[in-house]
Structure formats: C-alpha cells, structure tokens
Amino acid sequence: MTTDTTGTAARNGEPRRGGPADSPFVRACRREPGPHTPVWFMRQAGRSLPEYREIRANVPMLESCRRPELVTEITLQPVRRHGVDAAILFSDIVVPVAAAGVDLDIVPGTGPVVAEPVRTAADVERISPIGRDDVSYVDEAVRRLVVELGDTPLIGFAGAPFTLASYLVEGGPSRTHAKTKALMYGDPDLWHALCARLAEVTLAFLQVQIDAGVSAVQLFDSWAGALSEADYRRFVLPHSTYVLGGLGAGVPRIHFGVGTGELLGAMGEAGADVVGVDWRTPLDVATGRIGPDKAVQGNLDPTVLLAPWPVVEAEVRRIVEQGRAAPGHVFNLGHGVLPETDPEVLTRVVALVHELTARPER
C-alpha cells in the first residue's frame with residue numbers, strides 16, 4: 001500500500017504517478033482529466049453517521065479533536081461507508097485558535113463560545129503564534145491517516161481569518177455579525193491587526209498539516225457571505241491571500257464560503273486552485289465569474305438529501321451537467337451534511353456521480 005502524498009511529491013519536486021497525487025480528486029483540483037468526477041462531502045465525518053455518534057458519546061468536541069486515535073477513526077468512517085474520493089481531517093476551525101491561547105469551548109447545540117471576546121489591541125496581542133508542538137496531536141493524526149488511507153487523499157483544513165475573527169469578536173456564532181462589522185468599520189487598524197494575527201495562526205496550522213502529509217487543504221470562510229464585495233476586498237481579501245499565498249503551490253488549495261455568489265471572483269483572486277460554491281449559484285454561472293484557471297467544488301443543496309431519491313437523482317444529474325462547464329469539478333454539497341441525513345443516500349450519490357461521469361483512461 002503506497003503512502004506517497006501530493007505534499008511529499010511536490011516538496012521533492014518529483015510528482016509520481018499513483019497514490020494520492022494521481023487520485024481523481026487531486027487531478028480534478030489541478031484541472032486534469034481523470035476516470036470520473038470525484039466526490040466528497042463537507043461534514044461527511046459527523047453526526048449523520050451512527051458509528052460517529054457512538055464513538056463520540058461523552059467526549060467533548062475539542063477533546064475529540066485532540067485525540068489522534070479518535071481523529072483517525074472518525075476521519076476514516078465515511079471513506080469506508082461511502083467510498084468517497086477524499087477524506088477530510090476531523091477537526092474544528094477553532095482548534096488552532098485554542099492552541100494560540102484563546103479561552104473558548106465548543107458548546108453542544110451552540111458552537112464555539114469565547115470567554116473574553118476581542119475588543120482591544122491587548123486582546124489581539126494575547127493571541128500567540130503557534131507551531132507544530134502546539135498542535136502535535138494534529139500532526140500525529142495526519143501521519144496516521146496518510147498510512148491508513150493509502151491511495152485516498154486526505155484534505156486538511158482551517159478557518160479563514162474573517163470567520164475566525166467573527167467568532168472572536170462576537171464571542172460565538174452570530175446571524176448578523178453586527179459586532180464584527182462595527183469593529184471592522186469603526187476601528188480598521190485594530191481589525192487588520194486581528195486578521196493579520198489570525199492569518200499567521202491559520203497559515204502555521206495548515207503548514208503543519210501539509211508537512212505531515214495531507215494531499216490538499218481547504219480554507220473555510222463560512223461567514224464571508226455577510227459582506228459586500230467592496231468590503232470583502234478591503235477587509236478580508238488581503239488576509240486570505242496571505243494564507244493561501246503563503247502555502248505555495250505544493251498542494252491544491254480550496255477556498256469555500258457560504259452565500260458568496262457575488263464574491264466568487266474576488267475569492268478566486270485570493271490564490272486558491274479550487275473555489276467552493278454553495279447551492280445558490282449554478283456551477284456554470286460560478287465558473288464564469290471565477291474564470292477558466294480555477295476548478296470548482298460543489299454544489300448540491302444539503303437539504304435535497306432529505307427528499308425522495310428521484311428528486312436527489314435529478315439534482316445530482318443537473319449539477320454534474322453544470323459542472324462540465326468548469327475546467328475541473330469536485331462534486332460536493334453547497335455546505336455541510338445535515339445531521340438528519342440518511343447515510344445510505346450519501347452512498348448512493350457517490351455511486352451515481354461515478355456512474356454518470358465514468359470515462360475511459362487514456
């Protein structure tokens with residue numbers, strides 16, 4: 001069983017055929033032809049799986065992210081069950097922020113809750129730089145997974161500076177991001193200092209995962225859709241560009257946000273190889289906005305999976321067809337798998353996409 005990875009091959013300057021570097025997923029990310037359109041699902045390792053609920057019983061979320069053996073098992077579960085073309089590391093976007101010294105917890109039913117929200121320059125200064133030793137459990141989990149996954153690529157991920165900043169300023173999840181925007185508009189110097197610090201933390205966190213062997217990374221900017229394009233370009237784009245540009249081109253970089261139809265062009269400029277698209281924008285429209293030099297990822301509405309199979313099948317067929325307009329397409333949802341999703345439906349979606357897009361290798 002090979003354990004070669006895209007990251008290792010790229011760092012050696014000698015990409016080899018076979019292994020994750022030659023997988024349908026990585027090839028699609030690089031806009032190269034492959035045997036079929038690859039499929040994976042955001043939040044594929046999670047509450048929709050009974051085996052996940054069993055293994056996570058009575059283990060707090062942050063604690064589960066710090067146990068390499070548990071991370072390994074949870075990450076592997078959807079690969080075994082669904083036959084997806086890529087695994088994504090089981091973690092949470094606030095893991096590196098906690099490692100940087102921010103007092104927070106992930107509260108069931110609520111999400112990340114910050115004990116002392118960021119309000120001043122002193123609060124920003126308390127966010128410490130991180131290195132491999134600060135997230136050694138992530139390094140160990142990735143190394144274990146690379147061995148276990150063999151030819152299946154592993155995706156690492158992190159939260160983008162804007163989304164992390166929103167959590168830290170709001171003190172938790174928010175529908176309006178009012179405090180975030182108030183700081184952004186009212187004290188832009190402090191805002192940029194906060195995002196610059198978070199960009200350093202995020203870059204370091206992703207680099208740890210790349211050095212440990214992930215084959216691609218995804219930068220989640222979950223809340224960027226709350227902004228206008230002008231505000232995105234002024235307050236967000238420089239910091240996301242710092243992260244994605246700092247990673248270089250050694251592994252494919254995916255950039256994803258929710259409600260970002262009007263931001264797709266700008267998000268593509270941040271330096272990703274693949275731009276994730278939520279369900280609101282058709283993929284053929286999205287690729288026109290993003291440009292011909294980026295692959296796209298998406299974009300089935302997660303709630304469609306709760307409908308009868310004929311509805312699911314029709315939507316999958318539509319998205320596959322629209323994805324043909326892009327120079328590369330990774331089939332995914334437009335956001336994460338909902339907890340009430342029947343796992344069997346996900347398995348059927350993977351098989352259907354593979355069937356619809358199968359093409360002979362040359």
Side-chain angles (χ1 to χ4, degrees), residues 1-7 9 15-46 48-49 72 74-90 142 145-157 209 213-218 251-254 256 272-277 283 294-300 302 305 312 316-317 319-320 323-324 326-334 336-337 341 343-361:
M1 179 174 68
T2 180
T3 58
D4 184 28
T5 69
T6 302
R16 295 194 290 271
R17 306 304 287 180
D22 195 39
S23 64
F25 167 74
V26 171
R27 288 165 73 172
C29 290
R30 296 199 183 283
R31 310 187 307 283
E32 299 171 355
H36 58 258
T37 296
V39 187
W40 72 278
F41 305 108
M42 289 180 280
R43 293 184 185 161
Q44 63 187 17
S48 67
L49 300 181
T72 301
I74 292 172
T75 302
L76 291 172
Q77 287 175 348
V79 180
R80 297 192 197 109
R81 180 185 274 265
H82 304 312
V84 287
D85 292 285
I88 184 164
L89 180 71
F90 175 75
V142 170
L145 280 161
V146 167
V147 173
E148 292 288 339
L149 285 164
D151 290 345
T152 301
L154 175 65
I155 305 168
F157 79 91
Q209 296 172 64
V214 299
S215 296
V217 293
Q218 177 157 310
V251 301
R253 298 153 295 176
I254 308 169
F256 172 74
D273 306 287
V274 185
V275 178
V277 184
L283 290 181
K294 312 284 183 188
V296 297
Q297 179 176 280
N299 68 339
L300 182 67
L305 296 172
V312 178
V316 169
R317 288 178 178 273
I319 288 164
V320 165
R324 297 186 194 279
H329 178 209
V330 176
F331 191 98
N332 206 311
L333 304 182
V337 175
T341 303
E344 277 299 311
V345 176
L346 292 171
T347 304
R348 293 182 72 180
V349 167
V350 174
L352 177 59
V353 174
H354 288 174
E355 176 188 341
L356 293 173
T357 62
R359 45 193 174 263
E361 290 272 38

*Side chain to side chain, Val79 and Leu149, heavy atoms closer than 4.5 Å*: yes
So CG of Asn299 and CD1 of Ile319: to nearest 0.5 Å the spacing works out to 5.0 Å
Taken in chain and number order and not counting sequence neighbours, the residues that satisfy salt bridge (charged side-chain N to carboxylate O under 4.0 Å, His left out) with Arg43 are none
On a heavy-atom basis, the closest approach of Gly298 and Leu283 is O-CD1, 3.8 Å
Does the side chain of Cys29 reach to within under 4.5 Å of the side chain of Val330, using non-hydrogen atoms?
yes
Worksheet entry | Backbone of Arg348 reached by a side-chain donor or acceptor of His82 within 3.5 Å | no
Relative to the ring of His36, is the ring of His354 parallel (under 30°), tilted (30 to 60°) or perpendicular (over 60°)?
tilted
The side-chain contact (heavy atoms from CB on, under 4.5 Å) partners of Thr341 (sequence neighbours excluded) come to Ser48, Leu305, Leu306, Val337, Leu338, Leu346
Between Gly334 and Pro302 the two heavy atoms that sit nearest each other are N-CD, 4.3 Å
When rounded to the nearest 0.5 Å, the distance separating CG of Asn332 from CD1 of Ile254 is 8.0 Å
query = Can Phe90 and Gln77 be said to form a side chain to side chain contact (heavy atoms under 4.5 Å, CB included), step by step?
reply = CA-CA 10 Å; Phe90 175 75; Gln77 287 175 348; over 6 Å; no
All heavy atoms of Gln297 vs all of Trp40, minimum pair found to be OE1-NE1, 3.1 Å
Counting C-beta onward and ignoring hydrogens, is there a side-chain heavy-atom pair between Thr152 and Ser23 closer than 4.5 Å?
no
**Message:** Is it the case that the side chain of Thr357 and the backbone of Thr37 share a donor-acceptor pair, with hydrogens and angles ignored and the cut-off at 3.5 Å?
**Reply:** yes
| task | Report yes if the side chains of Asp85 and Phe331 come closer than 4.5 Å at any heavy-atom pair, otherwise no. | result | no
Nearest heavy-atom approach of Ser215 to Val251 is O-CB, 3.7 Å
Output for pair (Phe25 CZ, Asp151 CG), nearest 0.5 Å, gives 15.0 Å
Between Val26 and Pro20 the two heavy atoms that sit nearest each other are CG2-O, 3.3 Å
Rounding to 0.5 Å, atoms CD (Gln218) and CE (Met42) come to a distance of 6.0 Å
May I ask you to test the Val350-Phe41 pair for a side-chain heavy-atom distance under 4.5 Å? yes
d(Ile155 CD1, Leu145 CG) to nearest 0.5 Å is 12.0 Å
Interatomic distance, CD@Gln44 vs CD1@Ile74, rounded to 0.5 Å, equals 13.0 Å
Given the options Lys294, Arg253, Arg30, Arg31, Asp273 meets side-chain hydrogen bond (donor to acceptor under 3.5 Å, both in side chains) only with Arg253
